[in-house]
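We name chains A, B, ... by the order of the sequence lines, and we start the count at 1 in each one.
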Amino acid sequence: MSNQAAELPKAYRPSDHEERVRGVWEVAGAFRADPGRVASGERRPFAVVIPPPNVTARLHLGHALNNTLQDVLVRAHRLMGFEALWMPGTDHAGIATQAVVERRLWEEEKKRRHDLGREAFVERVGAWKDDYERQITDQLKLMGCSCDFGRQRFTMDGVCARAVREAFFRLFRDGLIYRGKRLVNWDPALQTAVADDECFEEEVESKFYYLRYPLVHDRPGDAEPVTWDELAGRGFPGAGEHPADQPAWVTVATTRPETYVADTAVAVNPHDPRAGALRGLSVELPLVGRVVPVVEDSYVVLPEALARTEEEKNDPKARFATGFLKVTPAHDKNDWEIGVRHRLAVVNMMSPDGRVSDAHGWTDVGDARVFVGLTMVEAREKVVAEFRARGLLEKVTPYRQTLTYSDRSKAVVEPYLSDQWYVRVTDERLAASANRALTPEQRGGGVGGAGAGGDGDGAMTFFPARYAKTFEQWHAGIRDWCISRQLWWGHRIPVWHRRVTIGRGESPSAGEIGAMGLDRVIRGGEAGGVVRVRDAEGREVPAAELLREDAANERVFDVYVCYDGNDPGPERRLEQECGFTQDPDVLDTWFSSALWPMSTMGWPDPARAASETGDPSMAGLLEAFNPTSVLCTAREIITLWVSRMTMFNRYLLGEDRGAGKGAGPVPFRHVYIHAVVQDGEGQKMSKSLGNGVDPIDIIQTHGSDAMRFTLCHMATQTQDVRMPVDILDPFSGEAFAPKMITNAQGARVAAPVQEHKGRRMVSSYGVASGEARPTSEMPAAKNTSSKFDLGRNFANKLWNASRFTLSILDRGGAEVGAGAGGSSPGGAALADRWMKHRLARAAGEIEAALSNYEFAGYAQSLYRVVWDDFCDWYLEAIKPTVGGSAAQRATLAASLRSLLTLAHPVMPFITEVVWESLAPRLAGLPAVDGVRFEGGRGDGSPLCVSGWPRFGAGVMGDEAAGREFDRVRSLVTAVREVRAQHGVLPKRKITLHAPDAGRSVWAGKEEIGVLIRTLGGVETITDQGPGGPSVLVSFESGEWRLSDLADAVDAGAEEARLRKVVADLERSIATLRGRLSNPGYAERAPASMVQQTKDQLAKAESEVDSARSALKALGAG
RNA sequence: GGGCGGGUAGCUCAGCGGCUAGAGCACUCGCUUUACACGCGAGGGGUCCAGGGUUCGAAUCCCUGCCUGCCCA
């Protein structure tokens, strides 16, 4: 391999190197984490589990950000000598993936999943998963992610599946998983319950229907109508206006009249003046004939006319309200709550496919049979018609209503009563345990957790800290977690069920229960199984009830059996011999994700996982790396995932490690919440808006390092990342800002057809919305963002600085004595001391930024030290001397190595490439005082494991070098200012006149003089006054002047320049004087502050004097 | 409805008690200065959302209002 710097091309071309560098890392096994080195105490662990991307689709820019930040942390810690584990993997994403595959199946084959059958369909989804898992892994590799790819897991693979079985079993055994009837969001199209986060809301034009319900006395066997006369007698306001002998009614307002058949009450606000008169009365539902009570509940909105406060009056519903609310507990969340409060009956009137049905918990159908079989929409019309026909429809008014839709099917979601499995997360050992995990400083309510410093209570910290509040409040108001999903793709719920009737000779008898093998389980003799029993009313009863032989009555039970899954035998027997069936549902995806920091490391049985995967090191993973170091994720994930991982880790590992259930280790010590990537309009990037940028496109055009650096640079603590999206012209390859329009939904999007340089193309929005079809003349254009130029330019800068450095190292040169190479105190050249000082400072800033998860701060510090310090000043400063000084070349090399290392976490490819050339050249150079690299894996290592720069106290504390070099920089800047203002060409040889003996001695010192001449483009520095025309250099006090700027000084330019200098100085003098003349300032401000102000004023006054006299000398002052 | 952010240069953002308020991009001027035009040097550009308060001193802390985004109900 030739490392001749001359052969490196002028510009950094990422595609020339990235693939090869990935190979270098792989061959070196650089990302392989060894739990043995942790167990032996050789290295400290640093572990991160990837938030597993969904196998639904390829990675987007949000993933790119998320994974870049993780990689920065992992690579930095690996460089620092930690045993770094980054656990990769993917998530099966139940509903999302199933929906994608179902849609494709329909589009391509016009088949539904039922046409294939469960097994064949799951196979299809599995094939999809294989495809996307591979693509995602490839993408991660292209991004340079240093995951331990050999350990890749999938939430449904064998290792993870065992964890799911074990977790479910333990929670079921401990009574923390139960079956409950609850209202769920029901998607009638997919016929499944969907989670809140799988829904979206939309406002639609709707109507309020006003239905009259006849008031009755609920007499056993008969309902006696209430007349208006009687109502008037009870003090019902306005009752007297109705015919006295006619039946009275109340009017309910509803947007869903079709559900009236499932009403089980009418509610009135207790503050409503009519409430008292209705107390004890009922209403009779027309057609159905059901008599339901009038109840009082303050949830009911008072009509506008009765509102007591402004707030009540302003309730948008007040305008539509009648004060009477039909209560349908089975079909409305709020009604469900009212039903719970008043112990109301629950009637379900809908079948799973969204039709009116009397087969799902509705027995008193009566004349309402006319509605059965209709869809909900048809039923609404029919109900309205029937009420109208009976004179019971008072009116209909238009109303804008918010409806909830299913994300996947776009169907209107129905609140639906259904049997579901729940995790009792409200248990103290789960939700409360999660909150106890918070570090005491981040806990609200003055509840200081003890035990900080350990792995359990108080061991978890959020960055930024404010998110701890989100976490804590979530658990304070948490509700039990519905974990069953009516899907085929996922972990099948490991519960076997059979309804048994016991007694009166029915089968099975208690003896037969014994024959099933369940008696031992029930009696606790078989540890691997648990039986739960519910009676006909759904109440849980002791399982031993099944074994009672002497039952006098026939008893019906639902029997649920769960095994730990270690032996499939008993389950098979239940199915094949005992008539049990496995629950058809699957678990919520988050159930398996919640186990991720455990399951990926082999829990519950690492040794078994090790033998099954053929990877012996798996046996030690869990012990070495859980708790992990940090979880990097986005805001909304706090409630969905962080919470659940915390609860499960603490509960399950708590049991294993003897700390107690719920008192176990936290899954991660730190939780870092990062920003969300938005488009230039502050909208979420989404497929349908066509405003997404594909990370792989950016890697192709700008390189992986450039993308990573840019994302890192944007990752600030408070702001979401706003990224204006440009369009990549497929003809010219140039990026341009698209013409934007507002679409029908009110989103700002790129116009479907774009024009650039006279050619037309289709934007991503055009393609996504179908509003424009790409053709060969008018092709589709990809999205990009000019933001990424920042990273590309920076990578190129680092590349060229490296090229230049390498060429200097190759040229070498004869020693040219002390001279500029080393004439300062301590023997080292000023520029070298300064550069090391800056490096030490930058390394300190970077370490601090990373330990606080301030990624933008890291990127900025890096950018400054590379570009400003190293390139603009150091490299320029040493040009004349470095050829003659091996010591300076050594410092140069050590500086570049430091920069490569500091940059490596965010720009792994380019730094590794340069390192290949730099490393062999280090051997022949002298040691550099105060700079060493620690934590590396020795000579010949790739950069990614070559150690981290550490600077000695002498370098860190070398403030003198900082001050002196800064003085040179000030003078040089002043000289350059004059040159620019006077249009002096770079090659023009100019002369700097130092003002007096003292300063000329400074500027005349060999080393300083070289710097000033080199950096300022000065030919000669002299303490002689100018013989010919000259101009003032504004530097400290005294007459620094420049001559030989031109054949004649441009008096006009000089006057303009000086006037500006004077004006600027006068402004600052006014500010400083004002501050000093404030009497409170001198008295109360710190003395050093006051002195600093005085010094600044003196300096400014001195400089303004020089400038004024120069103006006067020009004849203009 | 509850909670959490943000409003600083044309754009994207730093700064979060004291430098004459900064960076990158964009803009202006000059430059084939042999590492880099994905560059070098110089420059223009800001009543730091509005109003009140605390302070010797506020972009920065507190209060109120306006606008805007997100999370949870």
Side-chain angles (χ1 to χ4, degrees), chain A residues 5 8 10-12 196-197 311 315 333 464 466-467 469-470 472-474 477-479 634-640 673 675-676 678 680 682-684 702-703 706 710 713-714 716-724 737 785-808 854 856-857 859-860 863-864 867-868 871-872 875-876 879 972-973 975-988 1014-1017 1057 1060 1064-1072 1074-1076 1078-1086 1088-1090 1092-1093 1096 1100:
Chain A
L8 297 176
K10 256 174 88 163
Y12 174 62
D196 288 342
D197 53 286
E311 198 183 338
D315 188 322
K333 278 187 179 156
R466 69 186 122 95
Y467 292 112
K469 198 168 174 180
T470 306
E472 199 169 28
Q473 288 177 349
W474 166 254
I478 201 167
R479 294 205 250 168
R635 271 192 297 272
E636 72 271 17
I637 301 303
I638 295 172
T639 54
L640 290 173
I673 303 295
V676 172
Q678 303 170 332
Q683 306 167 127
K684 257 189 186 160
H702 288 70
T710 303
H713 192 267
M714 293 174 109
T716 58
Q717 300 298 293
T718 50
Q719 290 271 82
D720 277 341
V721 178
R722 196 173 282 205
M723 176 172 286
S785 175
S786 60
K787 287 270 150 200
F788 292 106
D789 293 353
L790 169 73
R792 184 197 54 191
N793 295 353
F794 183 54
N796 193 56
K797 189 68 177 176
L798 182 59
W799 178 253
N800 278 292
S802 301
R803 254 184 356 120
F804 184 52
T805 299
L806 293 171
S807 75
I808 289 170
E854 291 164 359
Q860 280 165 15
Y863 191 94
R864 270 200 303 270
W867 202 307
D868 299 349
C871 295
D872 285 351
L875 285 183
E876 295 302 328
K879 274 180 180 175
V972 166
T973 302
V975 169
R976 286 173 175 175
E977 205 174 302
V978 172
R979 296 187 70 117
Q981 293 297 325
H982 284 272
V984 179
L985 294 175
K987 282 179 183 154
R988 178 93 189 183
T1014 309
L1015 298 167
R1057 186 180 74 85
K1060 185 182 172 306
D1064 287 350
L1065 286 168
E1066 278 175 346
R1067 200 147 32 86
S1068 98
I1069 287 167
T1071 306
L1072 295 169
R1075 193 173 302 164
L1076 287 169
N1078 181 339
Y1081 183 65
E1083 284 170 34
R1084 308 209 188 177
S1088 62
M1089 200 73 233
V1090 177
Q1092 186 186 316
T1093 309
Q1096 285 170 341

Do Gln981(A) and Lys1060(A) have side chains that get closer than 4.5 Å, going by heavy atoms?
-> no
Atom P, compared across rU60(B) and rU54(B): separation rounded to whole Å = 15 Å
Using a 4.0 Å heavy-atom cut-off across all strands, classify Trp474(A) as base, sugar-phosphate, or nothing.
-> sugar-phosphate
Span that lies between the C1' atom of rG24(B) and that of rG15(B), in whole angstrom = 15 Å
When rounded to the nearest Å, what value does the distance between C1' atoms of rU20(B) and rA59(B) take?
-> 15 Å
Nearest-Å distance once atom P is located in both rA9(B) and rC70(B) = 22 Å
Provide, to the nearest angstrom, the distance between the CD1 atom belonging to Ile638(A) and the C1' atom belonging to rC70(B).
-> 11 Å
Validation row: Ser1068(A), Asp1064(A) side chains within 4.5 angstrom (heavy atoms) | no
In the strands shown, is rG30(B) matched to any nucleotide by a Watson-Crick or G-U wobble pair with both distances under 3.5 Å, and which?
-> rC40(B)
What string of B, S and - do you get for nucleotides 7-19 of chain B 5' to 3' if you count protein non-hydrogen atoms under 4.0 Å?
-> -----SSS---BS
Take atom CD1 of Ile637(A) and atom P of rC71(B), then tell me their distance rounded to the nearest Å.
-> 10 Å
In whole angstroms, how far is the C1' atom of rU34(B) from the CZ atom of Arg803(A)?
-> 11 Å
For nucleotides rG2(B) and rA58(B), find the distance between their C1' atoms and express it as a whole number of Å.
-> 31 Å
With Phe804(A), which residues qualify under ring pair (Phe, Tyr, Trp, His ring centres under 6.0 Å), at least two apart?
-> none
Identify, with sequence neighbours excluded, every residue that meets side-chain hydrogen bond (donor to acceptor under 3.5 Å, both in side chains) alongside Glu1066(A).
-> Arg1108(A)
Classify the nucleic acid contact of Gln473(A) as base, sugar-phosphate or nothing, counting any heavy atom under 4.0 Å across all strands shown.
-> sugar-phosphate
Set of residues satisfying side-chain hydrogen bond (donor to acceptor under 3.5 Å, both in side chains) with respect to Thr1071(A), sequence neighbours excluded | none
Atom CG of Asp868(A) to atom P of rA23(B): distance rounded to whole Å?
-> 10 Å
If you look at every strand shown and take non-hydrogen atoms under 4.0 Å, does Arg479(A) touch a base, only sugar-phosphate, or nothing?
-> sugar-phosphate
Name the nucleic acid region contacted by Glu876(A), choosing base, sugar-phosphate or nothing; use a 4.0 angstrom heavy-atom cut-off, strictly under.
-> base
For Lys987(A) and for Ser1068(A), find the nucleotide of RNA chain B with the closest heavy atom, then tell me which residue's nucleotide is more 5'.
-> Ser1068(A)
By side-chain hydrogen bond (donor to acceptor under 3.5 Å, both in side chains), Thr470(A) pairs with (sequence neighbours left out) none
Which whole number of Å gives the distance between the P atom of rG22(B) and that of rG45(B)?
-> 13 Å
Distance in angstrom units between Lys684(A) NZ and rG69(B) P, rounded = 13 Å
Does the Arg635(A) side chain pair with the main chain of Val676(A), one donor and one acceptor, at a distance under 3.5 Å?
-> no
Considering only atom P, compute the distance from rU8(B) to rA50(B) and round it to an integer number of Å.
-> 10 Å
Which residues share a side-chain hydrogen bond (donor to acceptor under 3.5 Å, both in side chains) with Gln473(A), sequence neighbours left out = none
Tell me, for nucleotides 37-46 of chain B in 5' to 3' order, what letter each nucleotide earns: B for a base near a protein heavy atom under 4.0 Å, S for only sugar-phosphate near one, - for neither?
-> SBSSSSSS--
Quick note, side chain to side chain donor-acceptor pair (under 3.5 Å) partners involving residues 789-800 of chain A, not counting sequence neighbours, are His702(A)-Asp789(A), Asn800(A)-Arg803(A)
Taken in chain and number order and not counting sequence neighbours, the residues that satisfy ring pair (Phe, Tyr, Trp, His ring centres under 6.0 Å) with Phe788(A) are none
Would you sort out whether Tyr863(A) and Leu790(A) count as a side-chain contact (heavy atoms from CB on, under 4.5 Å), showing the intermediate values?
-> CA-CA 10 Å; Tyr863(A) 191 94; Leu790(A) 169 73; 3.9 Å; yes
Given the P atoms of rU33(B) and rC38(B), what is the spacing between them in whole Å?
-> 15 Å
In Watson-Crick or G-U wobble terms, both distances under 3.5 Å, what is the partner of rG17(B)?
-> none
Can you tell me the distance, in whole Å, between the CG atom of Leu985(A) and the P atom of rC31(B)?
-> 7 Å
Mate of rG1(B) across any strand shown (Watson-Crick or G-U wobble, both atom pairs under 3.5 Å) is rC72(B)
Given rG3(B), is OP1 or OP2 found less than 4.0 Å from the side-chain N or O atoms of Lys469(A)?
-> no
On RNA chain B, more 5' by nearest nucleotide between Ser786(A) and Leu875(A) is Ser786(A)
Would you classify Tyr863(A) as touching base, sugar-phosphate or nothing, given that sugar-phosphate means primed atoms plus P, OP1 and OP2, and contacts are heavy atoms under 4.0 Å?
-> sugar-phosphate
